[in-house]
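What follows is a short report on a single structure.
Atoms within each ligand, like the ligands themselves, are counted from 1 in listed order.
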Amino acid sequence: MPINIAIDGPSAAGKSTIADLPAERLGYIHLDTGAMYRAVAYNALKKEIPLDDEEAIVSMIDEMELVMDTDGDVILDGEDISEAIRANEISMGASEVSKLQKCREAMVTMQQKICAGGGYILDGRDIGTVVLKDAPVKIYMTATPEARALRRVKQNEEKGLDADYQTILEDIIKRDYQDMHREFSPLTKAEDAIEIDTSDMSIEEVVDKAMELVNEVLGE
Ligand code: DC
């Protein structure tokens, strides 16, 4: 059976890119778990549900039909929201709803079901510590807030989204704090995860490093 691979780290550390390329090489599927919390925030904002109303958010989750397409598209109740969930407002909202224990439980259950057959690379905040505690490869990616803000500016410019460096940097620092200090499953490096600081590394270097770790486990 193919293995599952866990990638965790703060926002904009390059987790998605580093999950995408090895997934392509291995013929694995990349599941972006952050996009699931983003979809919850998107739906709550659309339905004007307060992001800290746990009961209302949970009932909303029970009713929403969320499809995480194998090619990375996020479909909510038949609507492709892949681009819409990248807006700054949704990033902050996702960080808010991800504090709610019952929201986390619902997302973790979905994620574990999706990757039950193996062959997945999951990226998120609690993959190595909660979702895939037994994953044979766990990577914890970090980079300075400044390096991450610069990357996000570039990405946003390419997508035609808000790309003000200072706003993005402040949001990243605020989200880091929220994600690392929340009560339930805060972002933390799993004891058995390998840390890669990507601040001064190119994408190719990070992908090579990730592939090296995977190949060690696969025995290739
Ligand atoms: O990876 P991202 O920036 O798209 O994630 C959006 C938010 O969702 C982030 O602020 C923290 C939260 N999140 C989480 O709590 N657990 C995950 N496994 C993935 C994301």
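- Asp8 places a side-chain N or O within 3.5 Å of a backbone atom of Asp126 that can act as its donor or acceptor partner.
- No part of Met36 comes within 4.0 Å of ligand 1, judged by heavy-atom distances.
- Here Arg125 has heavy atoms under 4.0 Å from ligand 1 in both its backbone and its side chain.
- Among the atoms of Arg175, some N or O lies under 3.5 angstrom from an N or O of ligand 1.
- Atom numbering of ligand 1 starts at 1 in the shown order; those under 4.0 Å from a heavy atom of Arg182 are 14 (C), 15 (O).
- A donor-acceptor pair is defined here as one N or O able to donate and one able to accept, closer than 3.5 Å; such a pair exists between the side chain of Asn4 and the backbone of Cys115.
- Summarising the local packing, CD of Glu146 is surrounded by more than 12 heavy atoms from other residues, nucleotides or ligands at distances under 6.0 Å.
- Among Lys174, Glu96, Arg104, Met107, the residue whose heavy atom lies closest to atom 16 (N) of ligand 1 is Arg104.
- The distance from ligand 1 to the heavy atoms of Gly124 drops below 4.0 Å at these ligand atoms: 17 (C), 18 (N), 19 (C).
- Around atom CG of Asp200, no more than 12 heavy atoms belonging to other residues, nucleotides or ligands sit under 6.0 Å away.
- Remark: ligand 1 atoms within the under-4.0 Å shell around heavy atoms of Ser95 are 10 (O).
- By the criterion of a heavy-atom distance under 4.0 Å, neither the backbone nor the side chain of Gln111 is placed next to ligand 1.
- The shortest heavy-atom contact between Asp123 and Thr33 is O-OG1, 2.6 Å.
- Residue Ser98 approaches ligand 1 through these ligand atoms, each under 4.0 Å from one of its heavy atoms: 11 (C), 12 (C), 15 (O).
- Given atom 19 (C) of ligand 1, the protein heavy atom at minimum distance is Thr33 OG1, 3.4 Å.
- Under the 4.0 angstrom criterion for non-hydrogen atoms, Gln178 is not in contact with ligand 1.
- Between Asp126, Val97, Asp171, it is Asp126 that holds the heavy atom closest to atom 18 (N) of ligand 1.
- Residue Arg38 has at least one nitrogen or oxygen atom sitting less than 3.5 Å from a nitrogen or oxygen atom of ligand 1, judged on distance alone.
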(message) Would Glu96 and Lys99 count as a salt bridge (Lys or Arg N to Asp or Glu O under 4.0 Å) here? Give the steps.
(response) CA-CA 6 Å; Glu96 286 297 322; Lys99 288 182 194 164; 3.3 Å; yes

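- Taking every heavy atom of both residues into account, Glu54 and Lys102 meet most closely at OE2-N, 2.8 Å.
- Glu195 places no side-chain N or O within donor-acceptor distance of the main-chain N or O of Thr142, the cut-off being under 3.5 Å.
- Of the protein's heavy atoms, Tyr37 CB, 3.6 Å lies nearest to atom 8 (O) of ligand 1.
- Side-chain N or O atoms of Lys189 include none that pairs as donor or acceptor with a backbone N or O of Gly9 at under 3.5 Å.
- Exactly one of Thr17, Asp71, Asp20, Thr70 qualifies for a side-chain hydrogen bond (donor to acceptor under 3.5 Å, both in side chains) with His30. That residue is Asp20.
- Among protein heavy atoms, the minimum distance from atom 7 (C) of ligand 1 is reached at Ala94 CB, 3.6 Å.
- Distances shorter than 4.0 angstrom do not occur between any heavy atom of Met92 and any atom of ligand 1.
- Side-chain contact between Pro10 and Leu187 is present, with at least one heavy-atom pair separated by less than 4.5 Å.
- Nearest protein heavy-atom contact of atom 20 (C) of ligand 1 is Gly34 CA, 3.5 Å.
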